[in-house]
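Here it is, the structure in full.
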Amino acid sequence: MDALQTEIAIWPAPVASLRGAGRALSKEQLIRRLGEFAERGNLSRGLAALTDYVGATHYLLARYDLSQDEGLDFVVCSDWPFDVVKRLGKVLSQLHSKTNEMEKCLSVMQPVFMSLPDDIDVSRGISREYCAITFNVGRTRLSLMLLFPQDVILSQESLRDIGLLTGYFASFTKERGARTDREFELTERELECLFWIAEGKTSDEIAVILGISRNTINNYITSVMRKTATKTRSEAIAYAVRNNLV
């Protein structure tokens with residue numbers, strides 16, 4: 001989908017022109033509006049409507065499963081300033097590397113508040129905290145990150161609603177041509193090895209089953225862990241279960 005191409009805007013100003021307190025639309029009206037935007041393939045308008053609804057000011061939709069990669073390929077759509085996104089990319093990469101698969105599973109649909117690094121400047125009136133909500137669209141893990149005014153307290157219930165609605169909206173826009181998911185990069189042999197380690201088989205046992213050497217099996221498994229950004233076989237199994245690969 002063309003709308004899933006990266007969109008990074010400059011910081012809008014002044015603060016007085018930022019979005020209002022939110023909830024201008026009912027949930028039913030918002031859902032209808034999202035359907036209209038999805039039909040047009042307008043991801044940015046849909047995310048802006050979701051941001052308005054919850055009372056935030058800026059949105060950044062990211063591919064959480066790509067956030068450990070270099071560059072800005074993890075960004076799906078954003079109205080955050082470019083320099084902030086670039087700096088935040090390094091932070092997300094570090095957080096991703098320190099988070100195990102169990103923690104990633106437990107974080108789904110749980111709003112988390114984090115502080116921006118001290119070297120990032122924000123417009124006056126904008127909180128230095130941002131809220132991140134992770135969710136799945138099929139096999140793709142996404143994270144919606146929101147900036148909000150200093151004097152606004154975001155409702156946990158509303159934020160979970162936004163996570164569900166963003167997933168709903170993204171699932172429709174994704175059907176119109178999303179980029180290839182990371183797991184499709186796994187080869188047939190790698191998927192076979194992933195299946196057998198999930199069944200509790202050792203490298204020696206998998207080698208016998210597949211009729212290839214133990215060293216080759218270990219190479220496949222190492223490749224799987226690299227592509228899935230996991231550190232152990234247990235994490236690779238958790239990743240496979242979470243993404244319906246086994």
Side-chain angles (χ1 to χ4, degrees), residues 1-9 18-67 72-80 84-85 88-89 92 95-96 104-114 127 129-149 152-179 181-182 242-243:
M1 177 197 69
D2 292 340
L4 277 182
Q5 294 177 348
T6 301
E7 302 176 16
I8 304 178
L18 296 177
R19 303 184 183 99
R23 295 298 184 121
L25 299 175
S26 68
K27 188 186 295 186
E28 291 73 20
Q29 290 173 321
L30 176 62
I31 291 172
R32 286 197 295 272
R33 186 71 61 82
L34 292 176
E36 294 171 3
F37 291 141
E39 282 296 318
R40 300 171 194 162
N42 199 327
L43 185 61
S44 59
R45 291 289 299 277
L47 291 173
L50 288 160
T51 305
D52 281 341
Y53 178 80
V54 79
T57 59
H58 298 82
Y59 62 82
L60 190 157
L61 184 65
R63 278 284 301 270
Y64 185 78
D65 55 338
L66 296 181
S67 62
L72 294 176
D73 286 345
F74 70 94
V75 178
V76 176
C77 187
S78 172
D79 66 354
W80 290 32
V84 176
V85 177
L88 190 65
L92 293 177
L95 288 173
H96 193 285
K104 290 172 187 175
C105 290
L106 293 176
S107 70
V108 174
M109 298 305 301
Q110 296 299 320
V112 177
F113 290 85
M114 293 177 282
S127 174
E129 283 193 321
Y130 66 96
C131 177
I133 314 165
T134 60
F135 55 92
N136 288 340
V137 176
R139 295 176 177 175
T140 302
R141 174 66 60 88
L142 295 168
S143 181
L144 177 65
M145 287 169 274
L146 301 170
L147 291 174
F148 50 94
V152 168
I153 299 176
L154 301 184
S155 160
Q156 294 280 325
E157 181 180 355
S158 295
L159 288 168
R160 282 190 285 269
D161 283 347
I162 288 300
L164 289 170
L165 290 171
T166 306
Y168 157 83
F169 176 58
S171 67
F172 280 96
T173 53
K174 187 173 184 292
E175 289 173 0
R176 293 176 175 269
R179 57 190 291 180
D181 292 341
R182 171 180 296 276
R242 174 163 56 81
N243 291 281

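Sequential numbering from 1 along the given sequence is applied to the chain's residues. Values in this document were obtained by computation on a predicted structure and should not be read as measured data.
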Steps toward side-chain contact (heavy atoms from CB on, under 4.5 Å) verdict (Cys77, Val75): CA-CA 6 Å; Cys77 187; Val75 178; over 6 Å; no
Nearest-0.5 Å distance, OH of residue Tyr168 to CG of residue Leu165: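 CG of Leu165 is found 8.5 Å from OH of Tyr168.
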Chi angles and distances behind the side-chain contact (heavy atoms from CB on, under 4.5 Å) call for Leu144, Leu47: CA-CA 9 Å; Leu144 177 65; Leu47 291 173; 4.3 Å; yes
Heavy-atom closest contact (Ala56 atom, Leu146 atom, distance):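 Reported closest heavy-atom pair: CB-CB, 4.0 Å.
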Partner residues of Gln110 under the side-chain contact (heavy atoms from CB on, under 4.5 Å) criterion, sequence neighbours left out: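 If we apply the side-chain contact (heavy atoms from CB on, under 4.5 Å) test to Gln110, skipping adjacent residues, the hits are Arg160.
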Inter-residue atom distance Ile162.CD1 - Tyr53.OH, 0.5 Å rounding: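 Between atom CD1 of Ile162 and atom OH of Tyr53 there are 6.5 Å.
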Distance (rounded to the nearest 0.5 Å) between Leu142 CG and Ile133 CD1: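 Here the interatomic distance stands at 12.0 Å.
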Spacing of Leu43 atom CG and Phe37 atom CZ [to the nearest 0.5 Å]: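 Nearest 0.5 Å value for the CG-CZ distance: 11.0 Å.
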Euclidean distance, Asn42 CG relative to Leu34 CG, rounded to 0.5 Å: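 Separation between the atoms: 11.0 Å.
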For Met109, side-chain contact (heavy atoms from CB on, under 4.5 Å) partners two or more places apart: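 Partners of Met109 by the side-chain contact (heavy atoms from CB on, under 4.5 Å) criterion, ordered by chain and then number, come out as Phe135, Leu164.
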Smallest separation among heavy atoms of Leu159 and Pro111, with atom names: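 The pair with the smallest heavy-atom distance is CB-CG, 3.6 Å.
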Gap between atom CZ of Arg45 and atom CZ of Phe169 - 0.5 Å precision: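 Separation between the atoms: 10.0 Å.
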Contact summary for Gly167 and Val137, nearest pair of heavy atoms: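 Between these two residues, the closest heavy atoms are O-CG2, 3.9 Å.
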Check against side-chain contact (heavy atoms from CB on, under 4.5 Å), Asp79 and Thr51: CA-CA 11 Å; Asp79 66 354; Thr51 305; over 6 Å; no
Any donor-acceptor N/O pair, Ser158 side chain to Val54 backbone, under 3.5 Å: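 The answer is no, because no donor-acceptor pair under 3.5 Å joins these two groups.
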Closest non-hydrogen atom pair, Cys131 against Phe113: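 Between these two residues, the closest heavy atoms are CB-CE2, 3.7 Å.
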